[in-house]
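A short write-up of the structure that comes next.
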Amino acid sequence: MEDLCLLEGFVLGSLASMSVEQLIDGQMARCIELRHRFHQIPELGYEEHQTAAAIRGELDRLGIGYVAGVEGAPTATIAWIGDTKLPCVALRADMDALPIVEQTGLPYASTHAGKMHACGHDGHMTTLLGTAAVLKQLMGMADGGKLNCCVKLIFQPAEEGGAGAEKLVEAGVLDGRIGPKVSAIFGLHGWPGLKVGTVATKPGPLLAATDTYDITFIGKGCHAAFPHMGRDPIVTAAEAVLNLQNFVSRETDPTEPAVVTVGMFNAGSAENIIPDSANIKGTARTLTPAMRVKIRESIERRCRGIAAANGCELDFKWEEGYPPTINDPAMTQYLADAARAALGKERVFIVPRPAMGGEDFAYYLEKVPGCFFMVGVEPLEAAGYPPLHSDRYNFTDEALAIGMRVFVEAVWGWGRGEG
């Protein structure tokens, strides 16, 4: 793999006869085959049965035991490597795909109609399996030294809106009810805005909370020629759509990010009828618990006021989504140092601002310290790359080695004066 030549020749622990890059290089053909297979069989959240079978088959091949399914998440697969008496470091990969019709034209494109790995979870799973294979090799080498921690491998279903991480936390994947108790956790995500060979993260808030709202303005329908005989919910809802943007421009500190988006507006059945109701749905993104409470209160207050001013009633529904993804500062420093040792300091970036996307990895970080980081997937020669959730997105094969390298470095360094 050409990109492996970009890595510094760093040898882990007491390895003398073979570098970790060579071990990864030896796994790449198998990893690429696995990723392409995963890409062909995308499955939605909690339906990842073929995917889980493929993961478990590879763990069987590697001689790694696992727990097949947990309460509320039968497709989850939890495995661990090393001495369970030692501190446990968890690595997580999400498994599910999206309801998108793939348009990549790849020879290994989705064979499941209307479903696609448009967020790169095929790459995440493969990276974790490749990491497991390399760790097994390192542990089996006579001069390989000793793994100073237990490594828990979490293959998690339903990240795309199903809160699979929350179910795994509730089932005991971190607290010792399923395998050893976890001391720290790391996870990654392929990122189109970064070139292959680079990684990025930041301490503190990295990704946003993902709350949603469903608001119905209830008026009084009438003939469009006689609007004075009714109460128009469309005009009322349209006023609310514009007014909601004032929360960001007038109620928040300009230096604190927040996003209010109306993604759906539904009303009416004919052009000459004012309907009885109009409905808007959307999402609110924030980075702190206090702002999360404030944005909900403001959206409801504004909509109730607008409804009342127009003689309408309001049905307000709010659903809490994922919490903000907040990296532990010490774990972020540790992960960044491990990545610099693995890739070279010029390939590791501490980003200045969070992104307003969301991730259910946040549920793990609420319970144990850890770090979520981004792995570049944009090819070196490309000028731009399809975004996440695009029908043209594809996790780049060359990025597998980068994620594996950082994961291996992070867990092998644990307990060696670095973890």
Side-chain angles (χ1 to χ4, degrees), residues 13 52 55-56 59 62-95 124-125 127-129 131-132 134-136 138-139 145-159 163-188 201 203 206 322-335 337-338 359-373 406-419:
I55 289 169
R56 294 165 188 172
L59 292 172
L62 294 171
I64 298 173
Y66 53 85
V67 173
V70 303
E71 184 177 355
T75 56
T77 301
I78 315 300
W80 49 90
I81 303 170
D83 187 349
T84 58
K85 299 183 182 66
L86 296 172
C88 180
V89 178
L91 306 176
R92 173 271 209 166
D94 36 13
M95 301 164 58
H124 305 169
M125 292 181 283
T127 298
L128 188 51
L129 287 169
T131 299
V134 171
L135 290 174
K136 286 284 288 185
L138 287 170
M139 294 170 64
K146 181 176 178 288
L147 183 62
N148 284 358
C149 63
C150 177
V151 181
K152 181 175 281 189
L153 312 172
I154 301 175
F155 295 93
Q156 176 217 302
E159 188 279 326
E166 184 178 34
K167 287 194 184 301
L168 265 61
V169 169
E170 291 172 351
V173 74
L174 298 179
D175 63 17
R177 285 176 287 158
I178 300 174
K181 184 176 181 179
V182 172
S183 300
I185 188 166
F186 300 103
L188 58 75
T201 190
L206 177 70
Y322 300 160
T325 302
I326 302 176
N327 282 336
D328 178 82
M331 289 298 98
T332 304
Q333 183 66 54
Y334 173 75
L335 189 282
D337 287 344
E359 240 290 342
D360 76 348
F361 193 81
Y363 290 107
Y364 303 119
L365 293 175
E366 287 185 326
K367 300 297 183 181
V368 297
C371 178
F372 194 67
F373 63 100
V406 176
F407 268 168
V408 170
E409 187 75 35
V411 298
W412 200 265
W414 200 265
R416 300 178 189 274
E418 303 153 16

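We number each residue from 1, following the sequence as shown. What you see is a predicted model; the values in this text were computed from it and never measured.
- Counting only heavy atoms from C-beta outward, the side chains of Val406 and Leu188 never approach each other to under 4.5 Å.
- One distance of note links CD of Glu159 with CZ of Arg92; it measures 5.5 Å at 0.5 Å rounding.
- To the nearest 0.5 angstrom, Leu59 atom CG is 10.0 Å from Lys136 atom NZ.
- Contact between Glu409 and Ala338 at its shortest, heavy atoms only, is CG-O, 3.2 Å.
- Among all heavy-atom pairs drawn from Thr332 and Pro203, the shortest one is CG2-N, 3.5 Å.
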Please walk me through it: do Met95 and Ile55 pass side-chain contact (heavy atoms from CB on, under 4.5 Å)?
-> CA-CA 10 Å; Met95 301 164 58; Ile55 289 169; 4.0 Å; yes
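- Proximity of Met139 to Trp412: side-chain heavy atoms (C-beta onward) are separated by under 4.5 Å at one or more points.
- Among all heavy-atom pairs drawn from Ile64 and Ala79, the shortest one is CG2-CB, 3.8 Å.
- Lys167 has no carboxylate O lying under 4.0 Å from a charged side-chain N of Asp360, or vice versa, which leaves the two without a salt bridge.
- Here Lys367 contributes atom NZ and Leu174 contributes atom CG; the two are 9.0 Å apart, rounded to the nearest 0.5 Å.
- Minimum interatomic distance between Ala184 and Met331 (heavy atoms only, all atoms of both residues): CB-SD, 3.8 Å.
- No donor-acceptor pair closer than 3.5 Å links the side chain of Tyr363 to the backbone N or O of Leu168.
- In this structure, Ile185 and Ile154 have side chains that are in contact, with non-hydrogen atoms separated by less than 4.5 Å.
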* Asked: Could you walk me through whether Leu129 and Phe155 pass the side-chain contact (heavy atoms from CB on, under 4.5 Å) check?
  -> CA-CA 9 Å; Leu129 287 169; Phe155 295 93; 3.6 Å; yes
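- Here the side chain of Asp94 pairs no donor or acceptor atom with the backbone of Gln156 at under 3.5 angstrom.
- In this structure, the side chains of Leu365 and Asp328 stay at 4.5 Å or more apart for every pair of heavy atoms.
- The structure places CD1 of Ile326 at 13.0 Å from CZ of Phe361, a figure rounded to the nearest 0.5 Å.
- Between Leu153 and Tyr66 the shortest side-chain heavy-atom distance does not fall below 4.5 Å.
- With contacts defined as side-chain heavy-atom distances shorter than 4.5 Å, the pair Ile81/Val411 does not qualify.
- One finds the SG atom of Cys150 at 14.5 Å from the NZ atom of Lys181 (value rounded to the nearest 0.5 Å).
- Between the Tyr322 side chain and the Ala163 main chain, a donor and an acceptor come within less than 3.5 Å of each other.
- Checking side-chain atoms of Thr201 against main-chain N and O of Phe372 turns up a donor-acceptor pair under 3.5 Å.
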Step-by-step side-chain contact (heavy atoms from CB on, under 4.5 Å) determination, Leu138 to Val408 = CA-CA 10 Å; Leu138 287 170; Val408 170; 3.9 Å; yes
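- Between Arg177 and Glu71 there is no salt bridge, since no side-chain nitrogen of the basic residue lies less than 4.0 Å from a carboxylate oxygen of the acidic one.
- No side-chain heavy atom of Tyr364 sits under 4.5 Å from any side-chain heavy atom of Val182.
- Pairing each heavy atom of Val368 with each of Ser183, the nearest pair is CB-O, 4.3 Å.
- The side-chain heavy atoms of Cys88 and Trp80, taken from C-beta on, include no pair separated by under 4.5 Å.
- Here CZ of Arg56 is found 7.0 Å from OG1 of Thr75. Values are rounded to the nearest 0.5 Å.
- Looking at Lys152, its side chain does come within 3.5 Å of a backbone N or O of Val173 through a donor-acceptor pair.
- For Ala362 against Pro324, the heavy-atom pair with the smallest separation is CB-O, 3.4 Å.
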